[in-house]
Number of protein chains: 2
Amino acid sequence: MRISAKADYALRALIELAHATEAPLRSEAIAAAQDIPHKFLEAILTDLRKTGFVTSQRGGDGGYRLRRAPEEVQVAHVLRAIDGPLTEIRGGCPEDATYNERASALQLVWVALRVNIRNILEGVTLAHLAAGSVPKEVAELTEDPEAWRTHWIIR
Amino acid sequence: MRISAKADYALRALIELAHATEAPLRSEAIAAAQDIPHKFLEAILTDLRKTGFVTSQRGGDGGYRLRRAPEEVQVAHVLRAIDGPLTEIRGGCPEDATYNERASALQLVWVALRVNIRNILEGVTLAHLAAGSVPKEVAELTEDPEAWRTHWIIR
DNA sequence: AGTTTCCCTATAAAGTCGATAGGGATCAAT
DNA sequence: ATTGATCCCTATCGACTTTATAGGGAAACT
């Protein structure tokens with residue numbers, strides 16, 4: 001699972017917007033708050049506008065606002081909009097991957113993998129993130145110290 | 001989670017090798033059996049040899065053999081060797097991702113996500129795949145019809 | 001020797017990633 | 001109507017990754 005800088009920036013920008021409920025937030029202010037290159041962030045905000053996550057207002061008191069309620073915005077929604085499908089096998093979706101008889105079990109692996117990825121990313125919303133917390137089931141997974149260890153590549 | 005063609009080919013090649021226990025298997029034979037471009041597969045087998053998954057033998061009756069017992073080779077091992085770390089946030093590991101206070105919950109999401117990815121990919125071995133099956137916990141996840149549905153990107 | 005097979009290096013087109021730059025369009029306030 | 005702020009659009013760019021293809025060298029076996 002590769003989370004691009006773009007997707008990471010997008011989520012952080014949305015978190016900032018979730019905190020600014022009264023007035024629109026300028027892209028420059030978001031960039032400063034989250035230490036994101038301003039022009040790069042502008043491109044990301046354009047994507048978020050086109051995909052319906054934010055609205056924009058030009059002019060003196062302009063800026064960006066959330067368009068949807070934070071409780072309704074899943075992390076999965078944002079990642080799909082910015083990075084594309086959560087799970088991709090050779091450029092296609094898991095259920096389209098075709099194998100000969102000997103390798104057929106691979107498809108089950110990819111489908112189960114997608115389930116487990118969705119179980120995290122569809123369960124966490126922008127409201128959770130803005131509140132600085134995650135759902136209990138997600139938090140429990142992070143309690144095992146092993147969860148924080150890197151498993152190195154065998155060489 | 002993006003599974004590259006290379007990683008998919010690598011797993012399929014290893015499955016073929018798991019079935020050929022008596023004699024070495026030529027790269028050409030593997031390529032034909034799994035419909036993989038031959039020269040591309042040769043490069044992949046070189047990677048698999050350098051990372052200790054296979055051994056090779058040149059000459060008339062040469063070819064490739066598994067170097068490790070299929071029960072000990074996890075899908076996660078192969079993916080890490082071919083595609084790099086399973087979970088990567090902006091080019092680094094989840095535990096190295098740093099956020100300001102407002103966005104700090106994001107790190108928990110990435111760590112939990114990695115746990116769920118590992119729970120699938122470290123649980124399935126080459127022995128499972130070669131037998132055409134997956135562990136019960138993995139199989140159960142694929143039984144829900146919802147697991148086979150694509151969740152489209154919001155536009 | 002000769003044949004077979006792996007092994008190594010080079011090449012390459014296409015696409016993605018992470019930006020940067022410049023200026024145009026629009027809005028609100030004056 | 002002017003001004004200034006802000007978003008918006010297009011273009012560009014270098015580095016890297018992906019998915020290969022091609023040609024021949026090195027080693028092993030008969």
Side-chain angles (χ1 to χ4, degrees), chain A residues 1-13 16-17 20 23-32 34-51 53-67 79 81-85 88-92, chain B residues 1-13 16-17 20 23-32 34-51 53-67 79 81-85 88-92:
Chain A
M1 189 83 207
R2 185 165 144 24
I3 307 295
S4 68
K6 211 170 162 181
D8 187 62
Y9 292 160
L11 286 165
R12 284 154 61 185
E16 287 296 321
L17 289 172
L25 210 51
R26 287 176 301 120
S27 67
E28 184 63 55
I30 301 173
Q34 287 291 336
D35 195 28
I36 302 170
H38 175 229
K39 279 301 212 176
F40 193 29
L41 176 62
E42 277 197 340
I44 294 166
L45 287 167
T46 297
D47 286 349
L48 291 175
R49 179 175 50 81
K50 288 183 179 166
T51 48
F53 291 96
V54 302
T55 58
S56 59
Q57 174 77 30
R58 290 198 257 206
D61 275 340
Y64 293 89
R65 289 171 183 276
L66 283 188
R67 187 190 180 85
L79 294 186
I82 301 294
D83 277 353
E88 225 172 351
I89 279 70
R90 290 187 59 196
Chain B
M1 189 84 206
R2 186 169 139 33
I3 307 295
S4 69
K6 208 170 163 182
D8 187 63
Y9 291 161
L11 285 165
R12 285 154 60 184
E16 287 295 322
L17 289 172
L25 210 50
R26 288 177 300 121
S27 65
E28 184 64 56
I30 301 173
Q34 287 291 335
D35 196 27
I36 301 170
H38 176 228
K39 279 301 208 177
F40 193 29
L41 176 63
E42 277 198 339
I44 294 166
L45 287 167
T46 297
D47 286 349
L48 291 175
R49 179 174 49 81
K50 288 181 179 168
T51 49
F53 291 96
V54 302
T55 58
S56 59
Q57 174 78 31
R58 290 197 257 207
D61 275 340
Y64 293 88
R65 289 170 183 277
L66 284 187
R67 188 190 179 85
L79 294 186
I82 301 294
D83 277 353
E88 226 172 349
I89 278 70
R90 292 185 57 198

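Residue numbering restarts at 1 for every chain, and letters A, B, ... go by the order of the sequence lines.
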Q: I want to confirm an ordering. Mapping A:G59 and A:I3 to their closest nucleotides on DNA chain C, which one lands closer to the 5' end?
A: A:I3

Q: Tell me the closest heavy-atom pair linking B:L17 and B:Y64, and the distance in Å.
A: CD2-O, 3.2 Å

Q: Counting the atoms with a prime plus P, OP1 and OP2 as sugar-phosphate, which does A:R90 contact under 4.0 Å by heavy atoms, base, sugar-phosphate, or nothing?
A: nothing

Q: Specify the closest pair of heavy atoms between A:P24 and A:R65, including all atoms of both residues, with the distance to one decimal.
A: CD-NH2, 3.3 Å

Q: Just the rounded figure in Å: distance from C1' of D:dT17 to CG of B:D83.
A: 11 Å

Q: Rounded to the nearest angstrom, tell me the gap between atom CG in A:D8 and atom P in C:dA19.
A: 11 Å

Q: Side chain of B:P37, heavy atoms from C-beta onward: which of D:dA20, C:dC8, D:dC7 has the nearest atom to it?
A: D:dA20

Q: To check you understand the geometry: which heavy-atom pair defines the closest contact between B:L25 and B:A20, and what is its length?
A: CD2-CB, 4.0 Å

Q: Want to settle it: does A:T46 or B:R2 sit nearer the 5' end of DNA chain D, counting the closest nucleotide to each?
A: A:T46

Q: Choosing from C:dC8, C:dG18, D:dC7, which nucleotide comes nearest the side chain of B:E42?
A: C:dC8

Q: Does B:S4 place a side-chain N or O at less than 4.0 Å from the phosphate oxygens OP1/OP2 of D:dT18?
A: no

Q: Quick one: do A:L41 and A:Q34 satisfy side chain to side chain contact (heavy atoms under 4.5 Å, CB included)? Show the steps, please.
A: CA-CA 10 Å; A:L41 176 62; A:Q34 287 291 336; over 6 Å; no

Q: Nearest whole angstrom, please: distance from the C1' of D:dA27 to the CD of B:Q57.
A: 9 Å

Q: Taking atom P of D:dT6 as reference, at what distance in whole Å does atom CZ of A:R58 sit?
A: 14 Å

Q: Rounded to whole Å, how long is the line connecting atom NE2 of A:H38 with atom P of C:dG18?
A: 19 Å

Q: Any chance you could encode DNA chain C as dot-bracket? Rule is Watson-Crick or G-U wobble with both distances under 3.5 Å; [ ] for pairs crossing earlier ones, | for another strand.
A: ||||||||||||||||||||||||||||||

Q: Can you tell me how far P of D:dT6 sits from CD1 of A:I30, to the nearest Å?
A: 12 Å

Q: Whether A:R49 contacts D:dC9 is assessed here as follows: a side-chain N or O lying under 4.0 Å from the phosphate OP1 or OP2. Is that the case?
A: yes

Q: What is the minimum heavy-atom distance between B:R2 and B:D83, and which atoms define it?
A: O-OD2, 3.8 Å

Q: Take A:R49 and A:L45 through the side chain to side chain contact (heavy atoms under 4.5 Å, CB included) test and state the conclusion after the steps.
A: CA-CA 6 Å; A:R49 179 175 50 81; A:L45 287 167; over 6 Å; no

Q: Quick check on C:dA19: is either OP1 or OP2 less than 4.0 Å from any side-chain nitrogen or oxygen of A:Y9?
A: yes

Q: If I compare all heavy atoms of B:R90 with all of A:A5, which pair ends up nearest, and what's the gap?
A: CG-CA, 3.5 Å

Q: Which listed nucleotide (D:dC7, D:dA20, C:dC6) is nearest to the side chain of B:F40?
A: D:dA20

Q: Between D:dC9 atom P and A:L41 atom CG, what is the distance in whole Å?
A: 15 Å

Q: Please determine whether a side-chain nitrogen or oxygen atom of B:S56 lies at a distance below 4.0 Å from atom OP1 or OP2 of C:dC7.
A: yes

Q: Mind listing the closest non-hydrogen atom pair of B:I36 and B:R12 along with its distance?
A: CG1-NH2, 4.2 Å

Q: Does A:K39 contact C:dG22 through a side-chain donor or acceptor facing the base, at a distance under 3.5 Å?
A: yes

Q: For A:R26 and C:dC27, give me the distance from atom CZ to atom C1', rounded to whole Å.
A: 15 Å

